[in-house]
Structures are given as structure tokens and as C-alpha cells.
Protein chains: 2
Amino acid sequence: MLPEVDTTMTAAARTGRRDRVPPHPDMSEIGLQQVLEALVDPVRRRIVAELYAAGEDLACGTIDLPVSKSTATHHFHVLREAGLIRQHYAGTSRMNALRREEFDARFPGLLRAVVDAHGGDGAAE
Amino acid sequence: MLPEVDTTMTAAARTGRRDRVPPHPDMSEIGLQQVLEALVDPVRRRIVAELYAAGEDLACGTIDLPVSKSTATHHFHVLREAGLIRQHYAGTSRMNALRREEFDARFPGLLRAVVDAHGGDGAAE
DNA sequence: CGCAAGGTTCGACCACTGTCAAACTTCGAT
DNA sequence: ATCGAAGTTTGACAGTGGTCGAACCTTGCG
């Protein structure tokens, strides 16, 4: 289909993807073990807490983390695999959002409890 | 009081301790990090879940774990240090109980959320 | 086109933690 | 006094996971 390649289009547009979107697991595939392993890391918990507080999509860069870019990528990956966040690209930036309702349906009260405790604890914002 | 030494008494009784009691941290000293590190281990979560279900003190031996005794000791130690359980000796056995109310006051909803999720998840009881 | 910005992938490294066996301690009972 | 049961302590070992730098890949823009 569409044999003529329009070079003015971006690669994403050419392939029919407005936003590249990495694979997200279904909530039913997520286990508690995985979730706790994700939340046990302070950096990841900080990400979750900020997304929770923001209540909307945040670009990666918006959240400043005390680690290198490659490590940050790693953390976002873990959070995504644990069903905690949803990611999609917008230009060169990656947007992140909490999968709040979904997650709460699967693990009622857990996210709230952790974020609350995180705030009252050594949040160091 | 009672100055006459009754040799029929146990050493614990003679020294005025009915039960030896290891040091327990105050809830205010407990951090979320510590708690999550404690709960992230499946064996420890299993212990917590069983104590939660039992609702009363359980001897170490009552809870059968898929690990050696020394490892079990380690796990109970971690749980105690994280403020999750209270321990005391009764004879040669160690009794364990959840510090439920206290813990819930410090981290509202957390224990409940984790135990609930644990049950619905790969509890493998 | 060519370049810079923002992320990703890859390898390597290091600290931490769960695990066990062996030796030791303490209590209860014989 | 002695033995067995129940835990503890210690030391060692292996696997895992967070960390980084370097090289690479896209996208947006001049």
C-alpha cells in the first residue's frame, strides 16, 4: 500500500504510528512479587510518588532523578513491566503516567498506602 | 522480693524474666524503605500472611517454611527489625505475633493491602 | 542534509541479600 | 547430669539488581 514514499513524513508517520508505544502488560499478568520489587527501590518510588501527585502525564525530563539516563531508562522499564506506569512517545520525549485506576482495581489500596507512607517518610522532595 | 532462691525455677524465672525478649524497635524509628525491603521477600510475606490470618501468637515451628532453620531465623529477624512482628520466648520456642495495630497506625492500609494481594496472588497455601 | 537533544542498548562492575552447613546455646525432660 | 529439641551465630557462597559510560538510534529543526 502507498508505494510512493513521502520523505517529508516522519518515520513514525510513515509506519502509521503517531506515537511509538512500548508493550504494556495486562494487569492480570502482574504479580504482587513484581510490584513489590518495583516499589522497593527509592528512585522508582519517587517516580511513582511524583506521578501520583501530578495526576497527569509527565515527560521523563520533568522528573529529575539522582541517576544517569541509562539507569533512569532501566527504572521506567521496571515500572512499566510491573504495570505501574503507562508510557508513550511525544516527539523525542517520553511521556509517563500512572495506571492508577487499573492498578488499584488489581491491588486495592496498595498504591495509596505506599504513596502516603512515602510522603510522610523520607520523601526528600 | 522473694529473696529465697528456688532452684526449681528456671534461669529465666530466677533472673526475673519470664520470657527473654529480644529488642524491638519503636514504630517511630521504622522507615518505609525498611518495611518494603522486609515485605519484598516471598518467605517473609508468607510469614506475615500466616500471622495475619492466625490473629494470634504462633510458634516459629508452627509456620513451615521452605528454608533451613538458620535462614528462617534471619527472616524473623528482618521482620522484627522492620517493626512487623513481635517476638518472645516461651520455653525453647519462639513466639511470633504481628504488630498489627501499631503498624497500621504508622503505615495506614499498607499491611492490609499487601496481605490481601498476597492471598489473591501466588499464595500457594 | 546534518546536527543536537532525548532515550535506549550493551557490558561490566559492585554491593547486597538470601541461602546453607556447622558449631554453639538454652531450655525442658528423662 | 545428660540428652534432645528449638533457635542462634558465624562464615562462606552464589545470584540478583542498581549503577555507570560508551556507542547507538530517533526525532525535530535549522
Side-chain angles (χ1 to χ4, degrees), chain A residues 6-23 33-47 57-82 85 87-96, chain B residues 6-23 33-47 57-82 85 87-96:
Chain A
D6 186 342
T7 52
T8 66
M9 298 178 74
T10 65
R14 254 182 277 118
T15 52
R17 293 169 289 158
R18 290 177 49 85
D19 286 346
R20 282 160 298 156
V21 114
Q33 185 61 37
Q34 208 178 344
V35 170
L36 291 179
E37 281 171 3
L39 290 175
V40 81
D41 186 281
V43 176
R44 289 194 287 263
R45 216 159 52 238
R46 179 162 164 178
I47 294 172
D57 281 42
L58 287 183
C60 263
T62 309
I63 312 174
D64 71 310
L65 300 172
V67 294
S68 69
K69 287 199 288 184
S70 48
T71 302
T73 295
H74 167 62
H75 286 311
F76 280 107
H77 182 75
V78 171
L79 286 174
R80 196 182 69 221
E81 287 304 307
I85 64 173
Q87 297 185 297
H88 68 99
Y89 287 89
T92 84
S93 291
R94 180 163 245 177
M95 303 301 294
N96 308 283
Chain B
D6 185 342
T7 52
T8 65
M9 297 176 75
T10 64
R14 251 182 280 118
T15 52
R17 292 168 293 158
R18 291 178 48 84
D19 286 346
R20 281 159 299 155
V21 109
Q33 185 60 37
Q34 208 178 345
V35 170
L36 292 179
E37 281 171 4
L39 290 174
V40 80
D41 186 282
V43 175
R44 289 195 287 263
R45 214 158 53 239
R46 180 163 165 177
I47 294 173
D57 282 40
L58 288 183
C60 264
T62 308
I63 312 173
D64 70 312
L65 301 171
V67 294
S68 69
K69 285 198 291 183
S70 48
T71 302
T73 295
H74 167 63
H75 286 312
F76 280 107
H77 182 75
V78 171
L79 287 174
R80 196 183 67 219
E81 288 304 306
I85 65 173
Q87 296 186 300
H88 69 99
Y89 285 89
T92 84
S93 291
R94 209 197 242 307
M95 303 300 295
N96 307 281

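We use all heavy atoms of the structure for the numbers below, so side chains are in, but hydrogens, waters and symmetry mates are not. All of these numbers come straight from a predicted model, not from anything done at the bench. Naming: A, B, ... by sequence-line order, numbering from 1 per chain.
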So which protein N/O to nucleotides 15-18 of chain D N/O distances come out below 3.5 Å?
residue	atom	partner	partner atom	Å
D/dG18	OP1	A/Arg44	NH1	3.4
D/dG18	OP1	A/Arg44	NH2	2.5
D/dG18	OP2	A/His74	NE2	3.0

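If you check every strand for non-hydrogen atoms under 4.0 Å, B/Thr73 touches a base.
The shortest side-chain heavy-atom distance between B/Val78 and B/Glu37 does not fall under the 4.5 Å cut-off. At least one side-chain heavy atom of A/Arg45 sits under 4.5 Å from a side-chain heavy atom of B/Leu36. Counting only heavy atoms from C-beta outward, the side chains of B/Thr62 and B/Met95 never approach each other to under 4.5 Å.
A pairwise comparison of heavy atoms in B/Glu81 and B/Pro23 identifies OE2-O, 4.1 Å as the closest pair. Here the closest non-hydrogen pair linking B/Arg44 and B/Ala38 is NE-O, 2.8 Å.
Distance A/Phe76 CZ to C/dT9 C1': 17 Å, rounded to the nearest Å. Rounding to whole angstrom units, NE2 of residue A/His77 and P of C/dC10 are separated by 11 Å. Atom NE2 of A/His88 and atom C1' of D/dT27 are 16 Å apart (whole Å). Atom CD1 in B/Ile63 sits about 10 Å away from atom P in D/dG7, given to the nearest Å. Computed from coordinates, the B/Lys69 NZ to C/dT25 P distance equals 15 Å when rounded to whole Å. B/Leu58 has its CG atom 16 Å from the P atom of D/dA6, to the nearest Å. Regarding A/Ile47, its CD1 atom lies at a distance of 14 Å from the C1' atom of C/dG7, rounded to whole Å.
Between B/Thr92 and D/dA6 there is no side-chain polar atom (N or O) within less than 4.0 angstrom of OP1 or OP2. Between B/Arg94 and D/dT8 there is a side-chain N or O to OP1 or OP2 distance below 4.0 Å. At the phosphate of D/dC25, neither OP1 nor OP2 sits under 4.0 Å from any side-chain N or O atom of A/Tyr89.
In terms of polar N and O atoms assigned as donor or acceptor, the side chain of B/Ser70 comes within less than 3.5 Å of the base of C/dA21 in a complementary pairing.
Paired with A/His77 under the rule side chain to side chain donor-acceptor pair (under 3.5 Å), one option of A/His74, A/Arg80, A/His75 passes, and it is A/Arg80.
Side chain of B/Asn96 to main chain of B/Gln87: no donor-acceptor pair is present (N/O by atom type, distance under 3.5 Å, no hydrogens or angles).
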